[in-house]
Protein chains: 2
Amino acid sequence: MNISEVARRTDLPPKTIRYYEEIGLIRPARDTNGYRAFADGDVHKLAFLGRARALGFSIEDCRTLLALYEDDARASADVKRVAQDHLDRIEEKLAQLRSMRDTLTHLVHECAGDNRPDCPILQDLARD
Amino acid sequence: MNISEVARRTDLPPKTIRYYEEIGLIRPARDTNGYRAFADGDVHKLAFLGRARALGFSIEDCRTLLALYEDDARASADVKRVAQDHLDRIEEKLAQLRSMRDTLTHLVHECAGDNRPDCPILQDLARD
DNA sequence: CCTTGACCTTCCCGTGACTGGAACCCCTAT
DNA sequence: ATAGGGGTTCCAGTCACGGGAAGGTCAAGG
């Protein structure tokens with residue numbers, strides 16, 4: 001299976017697939033002509049990676065999760081810890097973004113948005 | 001005023017202040033010895049930038065906002081549009097993160113987190 | 001006068017996770 | 001023979017800095 005077919009099946013760009021090989025997440029075989037020859041297992045791994053990335057896991061987290069996935073002797077506690085840590089970081093990010101949003105919503109609401117120069121947004125940014 | 005004093009006052013790292021000069025956000029004068037000599041106006045601008053960055057505005061947004069701030073003939077509508085666009089992107093990001101969080105919360109809750117290998121998190125990532 | 005240590009300077013590399021583009025090879029059909 | 005649509009590698013750029021090296025400057029103490 002060539003890369004564009006795998007890209008279609010996994011909904012990952014070919015560039016991303018090459019990148020994942022470059023950093024050692026997958027190791028597709030090669031045809032005699034140098035083309036990557038993907039097996040079903042490669043496609044499966046890529047789909048796994050795509051879903052993990054869609055959940056916001058970092059590449060290093062993905063590497064860990066993939067290793068756990070392939071380790072029959074894993075403890076689910078190890079998987080759970082990775083997910084929980086990630087979840088904690090997401091909660092932090094959410095709190096940060098909510099705070100930004102609240103401030104911005106307030107400021108945008110206060111601003112007349114007309115052709116006069118007076119602007120509470122700039123006033124806030126320039127406050128002493 | 002030297003850079004470390006400005007860093008203390010604006011709560012920005014010296015590296016960041018140098019970077020902001022490099023990309024043309026500020027233009028501090030120079031002493032004969034080559035040291036940056038910051039005026040109050042520079043400090044004010046840096047504080048402005050620090051607050052804009054804390055609200056999540058990109059550097060390019062900051063550049064625009066600073067230009068508007070210094071333009072007496074600005075229209076508040078221009079400021080408002082920058083802020084509203086940024087707010088829209090934050091709302092998108094929030095929705096995305098909430099979605100990740102909801103999925104992850106569910107999965108983490110389902111996972112026993114013990115020393116057995118069975119794990120609904122991995123099952124979900126590996127689903128066909 | 002010399003040294004010490006805390007400043008300051010520039011320059012270059014690394015980050016994360018790709019994306020774009022150039023230059024080139026391969027395969028099939030006409 | 002050529003055209004096109006694959007594929008390949010490699011290099012540069014993204015964003016907003018941070019780390020660290022190599023070296024100049026300044027004030028205080030011996």
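Computed from a predicted model, the values in this text were never measured in an experiment.
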Rounded to the Å, how far apart are B:Tyr20 OH and D:dC15 C1'?
11 Å
Assign A:Ile23 to base, sugar-phosphate, or nothing according to its heavy-atom contacts below 4.0 angstrom with the strands shown.
nothing
So B:Pro14, base contact, sugar-phosphate only, or nothing? Heavy-atom distance under 4.0 Å.
nothing
Is it true that B:Glu22 and B:Lys15 make a salt bridge, defined as a side-chain N closer than 4.0 Å to a carboxylate O?
no
Encode nucleotides 10-16 of chain C as B, S and - characters from 5' to 3', where the letter depends on protein heavy atoms closer than 4.0 Å: B to the base, S only to sugar-phosphate, - to neither.
BB-----
Between P of C:dA17 and CD1 of A:Ile26, the distance in whole Å
16 Å
With a 4.0 Å cut-off on N to O distance, would you call B:Glu91 and A:Arg98 a salt bridge?
no
Lys/Arg-Asp/Glu bridge criterion (N-O < 4.0 Å) met for B:Arg116, B:Asp118
no
Where the side chain of A:Asn33 is defined as all heavy atoms beyond and including C-beta, which of C:dC27, D:dT25, C:dT9 is the nearest nucleotide?
C:dC27
Are B:Asp42 and B:Lys45 close enough for a salt bridge, meaning some N to O gap below 4.0 Å?
no
Of A:Thr32 and B:Asn2, whose closest DNA chain C nucleotide lies nearer the 5' terminus?
B:Asn2
For A:Asn2 and A:Ser4, indicate whether the former's side chain and the latter's backbone hold a donor-acceptor pair under 3.5 Å.
no
Nearest-angstrom distance from the residue atom CD1 of A:Ile3 to P of C:dC27:
17 Å
Does A:Thr10 use its side chain to pair, donor to acceptor, with the backbone of A:Val6 at less than 3.5 Å?
yes
Does a side-chain N or O of B:Thr16 approach OP1 or OP2 of D:dA16 to a distance below 4.0 Å, or not?
no
Measure the distance from CG on B:Leu49 to P on D:dC15 and round it to the nearest whole Å.
17 Å
Whole-Å distance between D:dT8 C1' and A:Phe38 CZ?
12 Å
Do A:Arg89 side-chain atoms and A:Gln84 backbone N/O form a donor-acceptor pair below 3.5 Å?
no
Nearest whole Å is fine: how far is C:dC18 C1' from A:Glu22 CD?
10 Å
In whole angstrom, what separates A:Asp31's CG from D:dT8's P?
9 Å
